[in-house]
Amino acid sequence: MSETVLELSGVTKRFPGAAEDAVSRASFFLLKGQVFSILGPSGCGKTTTLRLIAGLDRPDEGEIVLAGRSVAGGRRWVPPEKRGVGMVFQDHALFPHKTVAQNVAFGLQHLSRQESRARVREALAQVNLTGLDGRYPHQLSGGQQQRVALARALAPRPEVLLLDEPFSSLDARLRNQVRDEVVAILRRSGQTTLIVSHDERDALAVSDRIIVMNRGRIEQIGTPREVYQFPATEYVARFVGQTNILPGIILEAGYDEVMTSIGPVPCLSMRGLDFGTDAFISIRPESFEIGPEGPFHARVAQIAYGGQYITLVVELLLEPGRGQRLTLHAHPNLRVDLGEEIRFRVIPDFVTVIEDSNGG
């Protein structure tokens, strides 16, 4: 059975004068070797959660347990340097006047010189920077600087590694490459890792599980597939990719359909709701299939070519739902013009009942 390395139970953080808690009753756990992501927009509480785990902030309520030891909760408080937590900051925070080896050795002052040198060699080998120990940060590429920061955090062999927006400073061309390199390093080392990100593409690509936060609260915890394919709330559905939200009523359970404002729609996840229950459903743009036999008839109102797919905004022409606009993804080879009429059907793979809606 996998070992729990980090656990938060009802953790809350308030800042003086703030109308809402920065973090409100956050509860989750990380298993050994897992890569977790906390995903959400600026101000949602994700970085505050990271700071609470690192010991840079102190919770007002709840408990944080790290490697079986309570490090925060009640009167218990363990300072950052004694928690066994490594941290990689958004801007890398490398010392410009120190060499790569000196930067990596920064957190190893408690070791003998011989042990420190061995750890530095080990960490640089882990991140594929062997032979660059004598260089300075300005002599490295952005990706290499990222890996130096990672080596410095790995060298003390932390129980948990925390990464704060680790890829946001990189340009789009380099971002995916560095992200894949970093995750490969983490996987090889078996390092338990928690990443904070505002970019759902990064979170979906690297994570074993994702925590989606909104205004200090956890909206959903799940695998990347669960969060994308079965968003629990409207907030998650809209933040993690594109979606269409429609009001509806649950039909008889055996039919796996929801009667919506555009007619009956097949739905993969009904969330156990009873017949006749009012509900909202999320339909991802890839849940539409264009074809002449489709029951829905619409006119193309907008077209955006995205390379991997074409995004169409269509306006329904038939009752019910006349005038309703939907966003569809179509194959990039599709030939379609503005104003053209098309037919389509809904396939249930990315259709799910969600728990709430704010009318959107």
Side-chain angles (χ1 to χ4, degrees), residues 33-39 46-47 50-51 53-54 56 80-81 84-111 113-208:
Q34 282 190 324
V35 177
F36 250 65
S37 289
I38 303 180
L39 178 64
K46 58 187 187 296
T47 296
L50 212 67
R51 291 176 59 85
I53 296 167
L56 302 176
E81 65 274 13
V85 171
M87 193 158 184
V88 178
F89 296 94
Q90 183 174 346
D91 61 356
H92 313 327
L94 299 178
F95 298 107
H97 63 288
K98 292 181 180 290
T99 65
V100 166
Q102 290 168 338
N103 268 282
V104 175
F106 181 73
L108 304 176
Q109 293 94 334
H110 61 291
L111 301 179
R113 181 176 296 182
Q114 184 176 358
E115 289 176 310
S116 177
R117 286 176 177 172
R119 288 281 189 93
V120 169
R121 287 194 298 271
E122 175 188 291
L124 290 177
Q126 278 183 293
V127 301
N128 302 317
L129 290 178
T130 299
L132 300 183
D133 49 308
R135 294 193 185 181
Y136 289 86
H138 72 271
Q139 297 173 312
L140 304 175
S141 68
Q144 288 172 328
Q145 290 178 19
Q146 178 83 59
R147 283 185 279 153
V148 173
L150 182 61
R152 183 176 60 187
L154 289 172
R157 298 174 182 169
E159 296 287 351
V160 174
L161 180 63
L162 309 176
L163 282 72
D164 187 9
E165 299 281 4
F167 315 116
S168 62
S169 63
L170 301 172
D171 62 55
R173 181 186 59 81
L174 191 59
R175 185 188 189 102
N176 289 354
Q177 175 189 334
V178 173
R179 183 189 68 199
D180 293 346
E181 288 176 352
V182 167
V183 173
I185 291 164
L186 297 174
R187 296 292 187 193
R188 284 198 304 269
S189 66
Q191 176 65 58
T192 307
T193 305
L194 183 61
I195 300 173
V196 155
S197 178
H198 68 274
D199 191 310
E200 75 275 10
R201 293 166 299 181
D202 288 340
L204 291 171
V206 308
S207 309
D208 293 306

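Using a 4.5 Å heavy-atom cutoff, the side chains of L161 and L150 are in contact. The shortest distance between side-chain heavy atoms of P158 and V85 does not fall below 4.5 Å. Side chains of Q191 and Q126 form no contact here, defined as non-hydrogen atoms less than 4.5 Å apart. Counting only heavy atoms from C-beta outward, the side chains of E159 and T192 never approach each other to under 4.5 Å.
Taking CD from Q109 and OG from S116, the interatomic distance works out to 8.0 Å, rounded to the nearest 0.5 Å. The CG atom of L186 sits 6.5 Å away from atom CG of L154, with the distance rounded to the nearest 0.5 Å.
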| Run the side-chain contact (heavy atoms from CB on, under 4.5 Å) check on H110 and E81 step by step: do they pass? | CA-CA 11 Å; H110 61 291; E81 65 274 13; over 6 Å; no

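Side-chain atoms of E165 come within 3.5 Å of backbone N or O of H198 as a donor-acceptor pair. Judged by distance alone, with hydrogens and angles left aside, the side-chain atoms of S207 form no donor-acceptor pair with the main-chain N or O of F36 at under 3.5 Å.
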Between side-chain atoms of residues 130-139 and protein atoms elsewhere (two or more places apart, or another chain), which donor-acceptor pairs fall under 3.5 Å?
unit_1	atom_1	unit_2	atom_2	d
Q139	OE1	Y136	N	2.8

Only pairs under 3.5 Å count here: list side-chain donor-acceptor contacts from residues 86-97, not counting sequence neighbours, and write none if there are none.
unit_1	atom_1	unit_2	atom_2	d
Q90	NE2	S168	OG	3.0
D91	OD1	A93	N	3.3

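The stretch residues 177-199 participates, sequence neighbours left out, in these salt bridge (charged side-chain N to carboxylate O under 4.0 Å, His left out) pairs: R147-E181, R175-D199, R179-D202, R187-D208, D199-R201.
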